[in-house]
Amino acid sequence: MGSRYAGEVMNLVNLESVSHAYGPKPLLSDVSLGVEAGERIGVVGRNGGGKTTLLSVIAGTVQPDKGRVTHTRSLRVGFLSQHDALDPGATVGQIVLGELAEHEWAGDQRVREILANLIGDLDLDARAADLSGGERRRTALAQLLIDDHDLIMLDEPTNHLDIEAIAWLAAHLAGRKSALVVVTHDRWFLDAVSTRTWEVVDGRVERYEGGYAAYVLAKAERARIAQAAEERRQNLMRKEIAWLRRGPPARTSKPKFRIEAAQALIANEPPARETVELMKFAAARLGKTVYDLEDVTLHAGGPGSGPLVLSDLTWQFGPGDRIGLIGVNGSGKSSVLRLLAGTVTPDSGRVVRGKTVRLAHLSQELAELDPARRVLESVEEVRKYLQVGKREWTASQLLERLGFKGEAQWKVVGDLSGGERRRLQLLRLLMDDPNVLLLDEPTNDLDIETLNELEDLLDGWPGTLVLVSHDRYFLERVTDRCVALLGDGRLSLLPGGVDEYLERRAAGTAVTARLGTPSPTPTAPAPAEVADTSGQAGAGLSAKEERELRKELSRLERQLDKLGDQESRLHAAMAEAASDYAKLGSLDAQLREITAQKDTIESEWLDLADRLGD
């Protein structure tokens, strides 16, 4: 099933002096390049800059105004565009599996894996006309991946995929022998699949070795050598590099060029966020209480209706917390945000909201905007100036940072695209100067440059942030810790971030968060769970061994309770010391030490619980 060109180094596609424009705007100007067999290329650039046009020209679905595009003989191209062309009368099975008999596809592990990871929740007999946009998209992607291709071309393939599916897709594509050209704003995905990066900018295609991390380093090096005039853009680039270099080791791939010169750019670069400083401001704005959830039970469809999201949960969101909320599609992440926003009420328990909370909630639904207003007017009616960190920004300056440059600020709101409306909605929320932000998929339809600007803006924003996003890079970049909904009605701490979430999902385990509430004594599994774990953890223990393990488990739980109490007292002390920078730094160091101790003890608790089968 591999590529016919696997043993050769040759170009599958060649572009010679290609130019193409839509109206007066040239998107490609005298571009010459090639796609080699087995090469994996990530394409980046501003929205509207020509990325999709480049893909369409390479695939042969768009003929350029000038120049020549040549394909090798009998080249098999698979192209996932942003708009599918599924037959509305065909079933999912007919679209994806074609004429394959059931015994053929059911006996093929690769096909079964694609079906399970992309359309496992869909009925193969469902008609395409009855599918949602996201379901149609996943169906089209599954259809493409099941077929054999020499060149796969994907335009925003991670749209409508959750974190698990994105991780699976990256591993699947990296394991194929087909060449790959992919347009995506998902920077983690770019690093995971790309061996080269193309940037479409001002009609040119700039080429870089390596994935996103290597591209950022190389671009900064080029900017340093050329002494580029755009100083603020360079500052953002240096900040992005500092994040990449200081993140988890797996984040940065090894580029194929020298990076010693780029190191000079970040030698004295401070951390992306001044955590202690932000904590001080957040405590001053919010006081001690932000949100306290007390014995909360919540179903996604209302009291007793739909999947269980939370079950008798006690949890605290403190001043300055920056939390990423992770879970599969349908796990209830948006329901948790709506609970905090007050638009839904819990089945039981109560949500205590701080008196000083000034909330902004960006949901997945676009808020109503006056279609007759201009973009700038729509923002200025909320506020004309906003203080972010130590700098004051005008509405126009912030619009420019989020992609509304020049004349775009005078566009009529009714003429904006869905992505532009989302950016406008986000900025209007920020202009209202909230101290609590609830963001549900804020990165939809944002290009990488705008994402960089948004991250930089949030770096200086003091307050409590709860974020839901399938953009793994953005999630890890703007939050300080992650928690997960794993289907057990609890919020599980993830000291290891998204990697730990994927490991727990694969292993079916979780460490349940304990914040501000005593941990209950572990209970025996339900009958169905006993059946699932029969012959595994806990099997073969003597009565004495089981007593000793339970005794040790209780000891660890008492330690966790004490650490939880110390953590609560430290949060209160930090709120009181909001104006004492030195004391705040000392308290923050103590808090980090306690957090590390809790992580270690929770790991020990999990090991013991596994041995007991609890």
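When a residue number appears, it is its place in the shown sequence, counting from 1.
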K.L.:
How far apart are the C-alpha atoms of Asp155 and Ser81, what are their side-chain angles, what is the distance that settles it, and do they pass the side-chain hydrogen bond (donor to acceptor under 3.5 Å, both in side chains) test?
P.N.:
CA-CA 5 Å; Asp155 197 350; Ser81 69; over 6 Å; no
K.L.:
Kindly write out the residues that satisfy side chain to side chain contact (heavy atoms under 4.5 Å, CB included) with Val382, not counting sequence neighbours, or none if the list is empty.
P.N.:
Arg428, Met431, Asp432
K.L.:
Is Ser19 reaching over with its side chain to a backbone N or O of Asp30, donor-acceptor style, under 3.5 angstrom?
P.N.:
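Here the side-chain-to-backbone pair exists.
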K.L.:
Residues two or more places apart in sequence or in another chain: which of them pass ring pair (Phe, Tyr, Trp, His ring centres under 6.0 Å) with Phe189?
P.N.:
none
K.L.:
What pair of heavy atoms forms the shortest contact from Ala395 to Val379, and how long is it?
P.N.:
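Closest pair (atom of Ala395, atom of Val379, distance): CB-CG1, 3.7 Å.
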K.L.:
With Tyr22, which residues qualify under ring pair (Phe, Tyr, Trp, His ring centres under 6.0 Å), at least two apart?
P.N.:
His20
K.L.:
Please find the pair of heavy atoms, one from Ala128 and one from Ile95, that lie closest to each other, and give the distance.
P.N.:
CB-CD1, 3.8 Å
K.L.:
Could you tell me whether Asp447 and Arg46 make a salt bridge, using a distance below 4.0 angstrom between a side-chain N and a carboxylate O?
P.N.:
no
K.L.:
For Lys411, give me all partners under salt bridge (charged side-chain N to carboxylate O under 4.0 Å, His left out), at least two apart in sequence or on another chain.
P.N.:
Glu420
K.L.:
Of the non-hydrogen atoms in Trp461 and Pro434, which two are nearest, and what is the gap between them?
P.N.:
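So the two residues come closest at NE1-O, 3.2 Å.
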K.L.:
Under a 3.5 Å distance rule, please check whether Asp321 uses its side chain to pair with a backbone N or O of Ile323 as donor and acceptor.
P.N.:
no
K.L.:
Which residues pass the side chain to side chain donor-acceptor pair (under 3.5 Å) test with His470, sequence neighbours left out?
P.N.:
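Checked His470 against side chain to side chain donor-acceptor pair (under 3.5 Å); matches are Asn329, Glu441.
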K.L.:
Under 3.5 Å, is there a donor-acceptor pair between the side chain of Ser194 and the main chain of Arg40?
P.N.:
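Pair absent, no side-chain N/O of Ser194 close to backbone of Arg40.
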K.L.:
Under the side chain to side chain donor-acceptor pair (under 3.5 Å) test, which residues partner Ser396, sequence neighbours left out?
P.N.:
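Partners of Ser396 under the side chain to side chain donor-acceptor pair (under 3.5 Å) test: Gln409.
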K.L.:
Can a donor-acceptor pair be found, under 3.5 Å and without considering hydrogens, that links the side chain of Asp150 to the backbone of Arg76?
P.N.:
yes
K.L.:
Where do Val31 and Gly203 come nearest, in terms of heavy atoms and distance?
P.N.:
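So the two residues come closest at CG2-O, 3.4 Å.
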K.L.:
Starting at CG of Asn435, measure out to CG of Leu359 and round the result to the nearest 0.5 Å.
P.N.:
8.5 Å
K.L.:
For residues Asp191 and Gly211, report the shortest heavy-atom separation together with the two atoms involved.
P.N.:
OD1-C, 3.4 Å
K.L.:
For Asp121, what residues pass the salt bridge (charged side-chain N to carboxylate O under 4.0 Å, His left out) criterion, not counting sequence neighbours?
P.N.:
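Asp121 satisfies salt bridge (charged side-chain N to carboxylate O under 4.0 Å, His left out) with Arg138 once adjacent residues are dropped.
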K.L.:
Asp87: what forms a salt bridge (charged side-chain N to carboxylate O under 4.0 Å, His left out) with it, not counting sequence neighbours?
P.N.:
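In terms of salt bridge (charged side-chain N to carboxylate O under 4.0 Å, His left out), with neighbours along the sequence ignored, Asp87 is linked to no residue.
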K.L.:
Taking side chain to side chain contact (heavy atoms under 4.5 Å, CB included) as the criterion, tell me which of Leu173, Val181, Leu55 meets it with Leu154.
P.N.:
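Answer after filtering Leu173, Val181, Leu55: Leu173.
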K.L.:
Can Arg423 be said to sit on top of Phe404's aromatic six-ring, NZ or CZ under 6.0 Å from centre and within 45° of the ring axis?
P.N.:
yes
K.L.:
Can you name the residues that form a salt bridge (charged side-chain N to carboxylate O under 4.0 Å, His left out) with Glu156, not counting sequence neighbours?
P.N.:
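If we apply the salt bridge (charged side-chain N to carboxylate O under 4.0 Å, His left out) test to Glu156, skipping adjacent residues, there are no hits.
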K.L.:
So does His149 get a backbone contact from the side chain of Ser178, meaning a donor-acceptor N/O pair under 3.5 Å?
P.N.:
yes
K.L.:
What's the spacing between Leu325 CG and Ser469 OG if we round to 0.5 Å?
P.N.:
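Nearest 0.5 Å value for the CG-OG distance: 11.0 Å.
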K.L.:
Which pairs with one or both residues in residues 50-66 pass salt bridge (charged side-chain N to carboxylate O under 4.0 Å, His left out), sequence neighbours excluded?
P.N.:
none
K.L.:
Using side chain to side chain donor-acceptor pair (under 3.5 Å) as the criterion, list what pairs up with Arg204, not counting sequence neighbours.
P.N.:
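With neighbours one apart ignored, the set is Glu206.
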K.L.:
Look up atom OG1 in Thr197 and atom OH in Tyr212, then write down how far apart they are to the nearest 0.5 Å.
P.N.:
10.0 Å
K.L.:
Under 3.5 Å, side chain of Thr443 to main-chain N/O of Asp471, donor-acceptor pair present?
P.N.:
no
K.L.:
If you measure from CD1 on Ile41 to OG1 on Thr195, what distance do you get to the nearest 0.5 Å?
P.N.:
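If we round to the nearest 0.5 Å, Ile41:CD1 and Thr195:OG1 are 7.0 Å apart.
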K.L.:
For residues Asp440 and Ser334, is any side-chain donor paired with an opposing acceptor at under 3.5 Å?
P.N.:
yes
K.L.:
With heavy-atom distances below 4.5 Å as the criterion, would you say the side chains of Val468 and Leu337 are in contact?
P.N.:
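In contact.
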K.L.:
Report yes or no: does Arg374 contribute a side-chain atom to a donor-acceptor pair with the main-chain N or O of Val413 at less than 3.5 Å?
P.N.:
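Pair absent, no side-chain N/O of Arg374 close to backbone of Val413.
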K.L.:
For the side chain of Thr394 and the backbone of Gln397, is there at least one donor-acceptor N/O pair under 3.5 Å apart?
P.N.:
yes
K.L.:
Identify, with sequence neighbours excluded, every residue that meets side chain to side chain donor-acceptor pair (under 3.5 Å) alongside Arg136.
P.N.:
Asp84
K.L.:
Kindly compute the distance separating CG (Leu86) from OG1 (Thr91), expressed to the nearest 0.5 Å.
P.N.:
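Going from CG on Leu86 over to OG1 on Thr91, the span is 11.0 Å.
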K.L.:
Measure from the side-chain N and O atoms of Tyr473 to the backbone N and O of Asp186, and report whether any donor-acceptor pair falls under 3.5 Å.
P.N.:
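It does not hold such a pair.
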K.L.:
Of the non-hydrogen atoms in Ala214 and Gly210, which two are nearest, and what is the gap between them?
P.N.:
CB-CA, 3.8 Å
